[in-house]
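Worksheet: the structure to be examined is printed underneath.
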Amino acid sequence: MSNHFFPFLLCLTVVLFSCKGTPETADSTEETDTSLTISQLADSMQYFRAHHMETDIVSRHYPELSREEALAIQLATLEKELADGAKLVGWKMGGTATADEAAFDPIYGYILDRYMVPDGSEVDTKNFPGGSAFVEGEIGFVIKNDLKDGVASKEELMTQIDHVFGGVELAKGIAIPVGEGPLDINYVLATGMGQVGTIEGTKGAKPEDLDLDTETVKCYFDGELVAEGVASNIFGNPLNALYELANLLPMQGRYLKAGDIIITGSLYQNPTLDKAAAVRLEFSTLGEINFTSK
């Protein structure tokens, strides 16, 4: 189990700072010496995500955001989304595209039903924050049973996978730094990990019938190869990322549930989609995914 996260209780009644005001856009120039509570930031996250807007609101109010605070903001936003009628359909992993165990920093975000895009769809780049998004070729899993207490081993985890699929994530974070400074990964975590859209491929496979670390994918824009990669780029094997997630979520009072879909990170260096194109991803075993953009 990863030691990058430490258990803590998510409590929305704990006010970290006092605040007044309305959500700030990225180009806000108003100086402020007040800061928002986690609950108020979660309200703002809902607004900015729904309107596909980039924002410096978190970096402005939490200039030294901790990992625990970032998780609290994201999960508070999730609670508000669910209270407003959204459906949680799964999770996405980040920080997994490395072969170096010392560099592995698993972070995660949630996937709502409204982010699911059917294979063969047309997507509008106007719905991408800033007008562009990465096209990530991913290995996905569908969970067979509830994993309330996580899993003790990867062998046990294999028995809890219903099937494996090839997937696409359209990803573009809404977090931006204040001014020209660098953006810490905690701000990306707080704002939901850049979820724009998820496509679940229609060709699945049982995990025991698939070589999870050698599956490959090629990505084409208008017939031109723009990226390719192999599943071993996901921390040696995508199952490693799924194992981390299965054991991280119970620390935050959540867990993988039967039917959840999990995407584990991109197999290649991601190309940017910012105009009309026909996009095709070809997996070595898991079939094709096609969509267009406008």
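We're numbering straight along the sequence, starting at 1. Note that the coordinates shown come from a computational prediction; the quantities given were computed from them, not determined experimentally.
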Applying side chain to side chain contact (heavy atoms under 4.5 Å, CB included), run through L286 and L210 and close with a yes or a no. CA-CA 9 Å; L286 296 172; L210 186 67; 4.1 Å; yes
Side chain of T264, backbone of I139: donor and acceptor closer than 3.5 Å? yes
Look at the side chain of Y110 and the backbone N and O of L75, then say whether any donor-acceptor pair between them is shorter than 3.5 Å. no
Is the CD atom of Q269 crowded by more than 12 outside heavy atoms at less than 6.0 Å? no
Between K80 and D43, is there a donor-acceptor pair closer than 3.5 Å when you use the side chain of the first and the backbone of the second? no
Contact summary for L267 and N233, nearest pair of heavy atoms: O-ND2, 2.7 Å
If you compare all heavy atoms of G194 against all heavy atoms of E169, which two are closest, and at what distance to 0.1 Å? O-OE2, 4.2 Å
Grab the two heavy atoms, one from G109 and one from Q74, that are nearest each other, plus how far apart they are. CA-OE1, 3.3 Å
Ignoring hydrogens and geometry, is there a side-chain-to-backbone donor-acceptor pair from K203 to T285 under 3.5 Å? yes
Compare all side-chain heavy atoms of T191 with those of I57 and state whether any distance is below 4.5 angstrom. no
Under the 3.5 angstrom rule, does the side chain of N290 hit a backbone N or O of D119 as a donor-acceptor pair? no
Give the C-alpha distance, both sets of side-chain angles, the deciding distance and a yes or no for side-chain hydrogen bond (donor to acceptor under 3.5 Å, both in side chains) between E156 and S153. CA-CA 5 Å; E156 178 189 351; S153 67; 4.7 Å; no
Would you indicate whether D209, at its atom CG, is surrounded by more than 12 heavy atoms from other residues, nucleotides or ligands within a distance under 6.0 Å? yes
Should F291 and V117 count as side-chain neighbours, where that means a heavy-atom distance under 4.5 Å? no
Looking at E288 and R280, would you say the former's side chain and the latter's main chain have a donor-acceptor pair under 3.5 Å? no
If you measure from the Lys or Arg side-chain nitrogens to the Asp or Glu carboxylate oxygens, is any gap between D105 and R67 under 4.0 Å? yes
Between E54 (side chain) and I174 (backbone), is there a donor-acceptor pair under 3.5 Å? no
Any idea which heavy atoms bring E69 and E64 closest together, and the distance? OE1-O, 4.0 Å
Flag, side chain of T125 to backbone of K294, donor-acceptor distance under 3.5 Å: yes
If you count heavy atoms of other groups shown closer than 6.0 angstrom to NZ of K218, is the number above 12? no
Please check if the side chain of T198 supplies one atom and the backbone of Y115 the other of a donor-acceptor pair under 3.5 Å. no
Working for side chain to side chain contact (heavy atoms under 4.5 Å, CB included), residues Y62 and L41: CA-CA 10 Å; Y62 282 63; L41 279 173; 3.3 Å; yes
Of the non-hydrogen atoms in P129 and G173, which two are nearest, and what is the gap between them? CB-O, 4.3 Å
Minimum heavy-atom distance between L183 and A175, given as atom pair plus value: CD2-O, 3.2 Å
Examine V178 and Y187 and state if one hydrophobic cluster contains both, with Ile, Leu, Val, Met, Phe, Trp and Tyr joined whenever side-chain heavy atoms are less than 4.5 Å apart. no
Assess whether a salt bridge exists between K92 and E136, defined as any Lys/Arg side-chain N lying under 4.0 Å from an Asp/Glu carboxylate O. no
Measure from the side-chain N and O atoms of D146 to the backbone N and O of K257, and report whether any donor-acceptor pair falls under 3.5 Å. no
